[in-house]
Amino acid sequence: MNGAQALLRTFADSGVAACFANPGTSEMHFVAALDAVPDVRAVLCLFEGVATGAADGYGRMTRHPAAALLHLGPGLGNGIANLHNARRANTPLVAVVGDHATYHKRFDAPLESDIDALAGTVSYWVRRPARAADVGADAADAIAAAMTPPGQVATLILPADCSWSDGAEPAAAPVPRPASPVAEETLSAVADVLRRGEPCVLLLGGAALRRPALEAASRIAVAGYARLIGETFPARLERGAGIPALERLAYLTEMASAQLAGARHLILAGTKAPVSFFAYPGRPSSPVPDGCELHVLAEAGDDAPGALAALADLVAPDAKPAPQLAGRPALPDGELTGENAAAVIGALLPEAAIVCDEANTSGTWLPAATAGGPPHDWLALTGGAIGQGLPLATGAAIACPGRSVLALEADGSAMYTISALWTHAREQLDITTIIFSNRRYAILGMELDRVGATAGGETARSLFDLSKPDIDFAAMAGGMGVPASRATTAGELAAQLRDALAEPGPHLIEALVPAPF
Ligand SMILES: Cc1ncc(C[n+]2csc(CCOP(=O)(O)OP(=O)(O)O)c2C)c(N)n1
């Protein structure tokens with residue numbers, strides 16, 4: 001057996017069931033081995049940022065790693081932005097980066113580069129086998145590293161000769177390590193803080209955004225011990241009717257400061273202390289009020305759901321969680337806006353939908369409009385590197401066949417990884433993409449003013465303008481095999497969304513909305 005075959009066997013035996021791939025010459029033995037290992041579904045992505053974002057979406061939904069197959073340093077480089085988002089989401093993910101044969105590297109061939117340095121910026125674990133015989137064991141170690149709580153990016157750099165040489169064998173599936181339990185002393189210390197009767201906020205993130213943890217946290221809130229707030233950009237938040245609702249910390253620091261104002265204690269469960277997304281001249285980097293004490297109930301790799309359940313049993317044994325009541329907005333009419341588009345989406349949101357939210361400024365009204373809809377998962381842009389939504393939807397749809405995926409995309413962000421649409425069509429995925437076409441990088445218009453950059457002249461503003469020419473998303477989607485339409489009124493959006501959701505396979509609706517800035 002050669003190294004590539006041992007690698008894929010180890011993947012299959014360990015439940016790594018999908019490989020989002022953009023291969024090259026150094027990965028040919030990996031590619032050749034795929035036919036013999038049908039348990040690993042190979043999915044062609046036409047840009048590496050799609051492959052890495054898809055592996056992120058898959059890992060967020062299954063909590064098990066998918067693989068992304070990338071071609072040397074340039075391929076990894078193209079995939080880095082979405083590996084960065086995956087790292088910020090604590091997604092279990094194995095990146096396999098093909099490299100030149102070990103003996104070929106010293107010749108400095110054109111594709112030679114420092115792959116290890118690139119990998120290091122986004123990976124918790126990086127290794128390159130030295131010979132074929134090591135590949136199986138290194139693959140198992142990569143999977144174990146990826147599954148180390150809370151989930152990590154592990155990068156296996158695979159020299160071509162380790163791939164093609166014989167003498168390899170598969171390794172046994174690694175035994176996943178559970179999340180670390182939270183110590184009794186920590187639980188009782190946090191319980192003491194809650195019982196002081198001073199204003200407390202419980203900030204939830206990571207695994208604490210799943211239903212059982214939200215229900216435990218809700219019991220603590222119902223008993224009057226703390227207000228609940230969720231992290232700004234969740235990797236995966238369960239929400240909807242029947243699940244306790246969670247207000248999210250605002251993106252704008254001044255709004256986040258207002259949400260936290262008056263808190264004496266900020267208790268962290270599955271997340272870190274919040275910080276401002278950017279620095280702004282003369283403004284603080286943290287929204288946490290002066291004098292507010294921080295307490296860590298559970299770090300990201302800890303068993304936050306278990307800790308919240310134990311804490312609720314300590315302080316609120318009789319309290320019941322407060323579920324979100326069911327309720328949808330009425331279908332609106334009129335010229336399309338971000339606000340009435342959100343109402344349409346809230347009115348028609350399917351049962352058990354997976355929402356990949358990269359709607360940016362057009363998404364302001366989405367959380368409220370969908371809050372009382374049927375239970376669904378909300379996947380956000382965790383690392384701020386745009387171009388994530390369409391790839392994320394790809395991986396989520398492959399992870400969860402039978403569930404509707406909604407990719408809610410701002411136009412500027414969609415363009416980074418637009419070729420994901422081709423994979424939506426190739427794999428016939430149940431993804432409905434709504435492009436919020438405001439023909440601007442709208443948020444940058446706002447940020448220009450907020451950072452105090454001298455008021456933008458024509459050239460500055462032109463860098464945020466996506467018109468001239470207008471981008472025809474419907475035509476682009478059609479060209480990649482995704483049926484598409486364009487909506488300019490709320491009624492059109494509702495009719496087109498209904499049709500798209502009723503028909504299997506991918507669809508795209510270009511929703512023309514005004515820019516808020
Ligand atoms: C990889 C990456 N490149 C550039 C940026 C900077 N950036 C932040 S928002 C933005 C434009 C967003 O425009 P769009 O997606 O259309 O959303 P809108 O603001 O119009 O709602 C850019 C370029 C980024 N965040 N990530």
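First listed ligand is number 1; within each ligand, the first listed atom is number 1. This is a predicted model, so every value here is computed, not measured.
Heavy-atom proximity to A442, at under 4.0 Å, picks out these atoms of ligand 1: 18 (P), 19 (O), 20 (O). Proximity to G412 (heavy-atom distance under 4.0 Å) selects the following atoms of ligand 1: 14 (P), 15 (O), 16 (O). For ligand 1 and G384, the ligand atoms under 4.0 Å from any heavy atom of the residue are 24 (C), 25 (N), 26 (N). Near R440, meaning under 4.0 Å from one of its heavy atoms, ligand 1 places the atoms 16 (O), 20 (O). Distances below 4.0 Å separate heavy atoms of S413 from the following atoms of ligand 1: 14 (P), 15 (O).
No more than 12 heavy atoms of other residues, nucleotides or ligands lie within 6.0 Å of CG in D333, so this atom counts as exposed by the packing criterion. More than 12 heavy-atom neighbours from other residues, nucleotides or ligands sit within 6.0 angstrom of NZ on K105.
Geometrically, R440 does not engage F464 in a cation-pi contact, judged by NZ or CZ lying under 6.0 Å from the ring centre and within 45° of the ring axis.
The nearest protein atom to atom 14 (P) of ligand 1, hydrogens excluded, is given as A410 CB, 3.6 Å; this is a heavy-atom distance. Shortest contact from atom 8 (C) of ligand 1 to any protein heavy atom: L444 CD2, 4.0 Å. From the protein, the heavy atom lying nearest to atom 23 (C) of ligand 1 is Y416 OH, 3.5 Å. Distance from atom 21 (O) of ligand 1 to its nearest protein heavy atom, with residue and atom name: T361 OG1, 2.5 Å. For atom 10 (C) of ligand 1, the nearest non-hydrogen atom of the protein is I386 CD1, 3.6 Å. Counting protein heavy atoms only, atom 19 (O) of ligand 1 is closest to I443 N, 2.8 Å.
Here R486 pairs with D472 in a salt bridge; the nearest charged N to carboxylate O distance falls below 4.0 Å.
Between Y441 and ligand 1, a contact under 3.5 Å exists for no N or O pair. Considering both main-chain and side-chain atoms, A385 never comes within under 3.5 Å of ligand 1 through any nitrogen or oxygen pair.
Between L390 and A420, the shortest heavy-atom contact is CB-CB, 3.7 Å.
Side-chain atoms of R227 come within 3.5 Å of backbone atoms of Q259 as a donor-acceptor pair (strictly under, hydrogens ignored). Not a single donor-acceptor pair under 3.5 Å links the side chain of E48 to the backbone N or O of L70.
Between the side chains of S26 and H100, no donor N or O sits under 3.5 Å from an acceptor N or O.
You'll find the ring centres of F278 and Y251 outside the 6.0 Å limit.
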